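Just below is one structure, and these are the notes that go with it.
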Amino acid sequence: MIEVLFGESEAGAMKAAKSTVITGKVDGPVAVWVAGKKRPPEREGCGWIEGTGQEVICLGFLLDIGDIREEVDSEYRRRLIYSMYAQEQWGSDQKMDAELMKLCDCYCSEMERLKSYLEDGETIRVWYSDAPYSRCGFYHLCTILNKYENEIHVIKLPEYRVRSDHSIVSYKNWGEVAAEEFAGFLNCEKILSKEEIRMYAMLWSILQEDNSPLRAVVNGKLIGVAEDFYDFLIWKRIPSEPIKEARLIGDLLGYYQLGVGDWWYARRIEYYIQTGKIKIVVDSEKHYERTICPA
């Protein structure tokens with residue numbers, strides 16, 4: 001089974017979930033298990049997914065932003081992805097810049113690898129969520145799947161899960177799911193019909209025709225919106241007194257949980273700094289460490 005996901009963090013966790021040799025745990029933005037001789041013991045609602053990390057494909061094209069009439073392998077999309085990740089949040093680093101450019105190229109290679117699997121008749125399983133980048137990635141993927149007769153499985157991330165201890169855990173994207181928890185969602189799996197694939201492909205063509213600067217999920221529907229669509233949230237959370245930019249962005253991510261990346265808020269804050277509506281109180285080469293406040 002070939003697994004397709006739309007973000008780096010979630011694809012990394014899935015590779016760990018499909019690894020046949022896992023032992024230790026590494027904490028971080030996503031908890032993953034590192035290579036060893038055996039799997040850790042399973043617990044209720046958890047487990048491991050059969051296969052290897054080589055069967056995982058990441059299509060992290062960030063299709064919720066920018067011109068989607070351009071092909072995903074275009075120089076435009078490559079430069080856009082780079083500009084989102086390389087905003088000097090933590091300072092300039094030539095080695096990091098080179099890695100980011102390589103990452104942009106990697107997604108195109110992943111797309112070619114997926115097409116090769118499709119041509120070989122492999123079954124594909126797509127993991128998507130209501131996070132805008134993920135829904136966009138899924139709709140776009142359906143325009144490709146529509147040309148093949150392969151069996152396509154999908155697992156959409158549920159809004160929340162009730163655990164055995166009666167606690168409720170909610171997620172905004174697959175990047176929040178730990179590697180050992182992916183198998184617990186297999187009961188949400190369904191086979192996608194050709195009619196459904198055509199429908200999602202058609203929805204993508206409608207979005208392409210609209211070609212707004214940004215796409216967002218509003219009342220459960222993916223629509224094109226203006227570039228300043230999320231800006232009112234920045235103005236709701238920014239205090240009158242100075243605040244670290246990293247703290248403001250952290251508040252936005254934690255409070256609203258819309259599946260919007262920190263890099264997008266950073267880009268919009270930078271826009272308001274350049275237009276004079278937000279001022280820098282204490283500057284820093286590392287943009288996230290700047291102290292800012294309304295002008």
Side-chain angles (χ1 to χ4, degrees), residues 6-10 13 27-31 60-66 80-91 96 100 128-137 157 159-160 168-178 212-295:
F6 303 102
E8 280 294 319
S9 181
E10 57 208 56
D27 293 323
V30 173
F61 290 109
L62 302 180
L63 293 175
D64 57 322
I65 59 174
L80 181 62
I81 294 171
Y82 174 79
S83 72
M84 287 292 100
Y85 287 128
Q87 298 181 77
E88 297 184 1
Q89 293 101 319
W90 307 110
M96 180 64 72
L100 287 174
Y128 77 102
S129 69
D130 277 334
Y133 75 88
S134 187
R135 279 275 288 271
C136 286
L157 182 67
E159 182 181 357
Y160 63 88
I168 294 178
V169 57
S170 61
Y171 309 91
K172 60 179 182 288
N173 59 61
W174 284 109
E176 297 185 338
V177 177
S212 293
L214 194 66
R215 279 147 293 283
V217 177
V218 180
N219 292 330
K221 184 176 181 180
L222 185 62
I223 62 172
V225 297
E227 192 171 25
D228 62 358
F229 181 76
Y230 297 110
D231 290 8
F232 77 99
L233 302 176
I234 296 173
W235 295 109
K236 285 184 70 173
R237 301 300 298 180
I238 189 170
S240 57
E241 64 273 10
I243 186 174
K244 286 276 191 181
E245 186 171 333
R247 172 64 184 275
L248 173 59
I249 293 173
D251 287 348
L252 290 164
L253 294 173
Y255 193 83
Y256 296 110
Q257 299 187 6
L258 298 173
V260 180
D262 62 293
W263 37 263
W264 180 258
Y265 290 122
R267 177 170 175 159
R268 296 306 296 167
I269 289 169
E270 182 62 28
Y271 167 78
Y272 284 114
I273 289 172
Q274 295 301 320
T275 56
K277 294 183 178 180
I278 292 177
K279 66 179 180 180
I280 299 173
V281 179
V282 180
D283 204 356
S284 172
E285 289 184 2
K286 301 176 181 180
H287 285 190
Y288 274 27
E289 293 185 2
R290 297 182 297 193
T291 301
I292 59 176
C293 72

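Being a predicted model, the structure only gives us computed values, none of them experimental.
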Counting only N and O atoms by type, is there a donor-acceptor contact under 3.5 Å from the side chain of Thr275 to the main-chain atoms of Tyr271? yes
Gap between atom CD1 of Ile238 and atom CD of Glu241 - 0.5 Å precision: 10.0 Å
Can you see which heavy atom on Lys172 is nearest to which on Ala131, and at what distance? O-CB, 3.6 Å
Heavy atoms of Gly259 and Pro132 approach each other most closely as O-CD, 3.9 Å
Please determine, by modelled atom types, if Tyr288 and Asp262 share a side-chain donor-acceptor pair under 3.5 angstrom. yes
How long is the gap from OG on Ser134 to OH on Tyr128, to the nearest 0.5 Å? 8.5 Å
Ionic contact status for Arg290 with Glu270, cut-off 4.0 Å: yes
Any heavy-atom pair between the side chains of Leu62 and Trp263 that's under 4.5 Å? yes
Whether Asp64 and Arg215 form a salt bridge (side-chain N of Lys/Arg under 4.0 Å from carboxylate O of Asp/Glu) is what I want to check. no
Are side-chain heavy atoms of Arg237 and Tyr256 found at a separation under 4.5 Å? yes
Under 3.5 Å, side chain of Ser212 to main-chain N/O of Leu214, donor-acceptor pair present? no
Would a 4.5 Å heavy-atom cut-off, applied to side chains only, mark Ile234 and Tyr265 as touching? yes
Indicate the atoms forming the closest heavy-atom contact of Gly175 with Glu10, along with that distance. N-OE1, 3.4 Å
Check whether any side-chain heavy atom of Glu245 sits under 4.5 Å from a side-chain heavy atom of Thr291, and report yes or no. no
Quick check for you: to the nearest 0.5 Å, what is the distance between Tyr171 atom OH and Ser129 atom OG? 12.5 Å
Separation between CD1 (Ile278) and CD1 (Ile269), nearest 0.5 Å, reads 6.0 Å
Quick check on the 6.0 Å ring-centre criterion: do Tyr272 and Trp235 meet it? yes
Shortest non-hydrogen contact from Cys293 toward Pro242: CB-CA, 3.9 Å
Rounded to the nearest 0.5 Å, how far apart are CD1 of Ile168 and CD of Glu159? 10.0 Å
Measure across Ala216 and Tyr230 and return the closest heavy-atom pair with its distance rounded to 0.1 Å. CB-OH, 3.3 Å
Separation between CG of Asn173 and CG of Leu157, rounded to the nearest 0.5 Å: 7.5 Å
So Ser83 and Arg267, do their side chains get closer than 4.5 Å, heavy atoms only? yes
For Gln257, I'd like to know if atom CD has over 12 heavy atoms of other residues, nucleotides or ligands within 6.0 Å. yes
If the threshold is 4.0 Å, N to carboxylate O, is there a salt bridge linking Arg268 and Asp228? no
May I ask you to test the Val282-Ile280 pair for a side-chain heavy-atom distance under 4.5 Å? no
Find out whether Leu233 and Leu258 are in side-chain contact, i.e. whether some heavy atom of one side chain is under 4.5 Å from a heavy atom of the other. yes
Please report the shortest heavy-atom distance between Trp264 and Met84, naming the atom on each side. CE3-SD, 4.1 Å
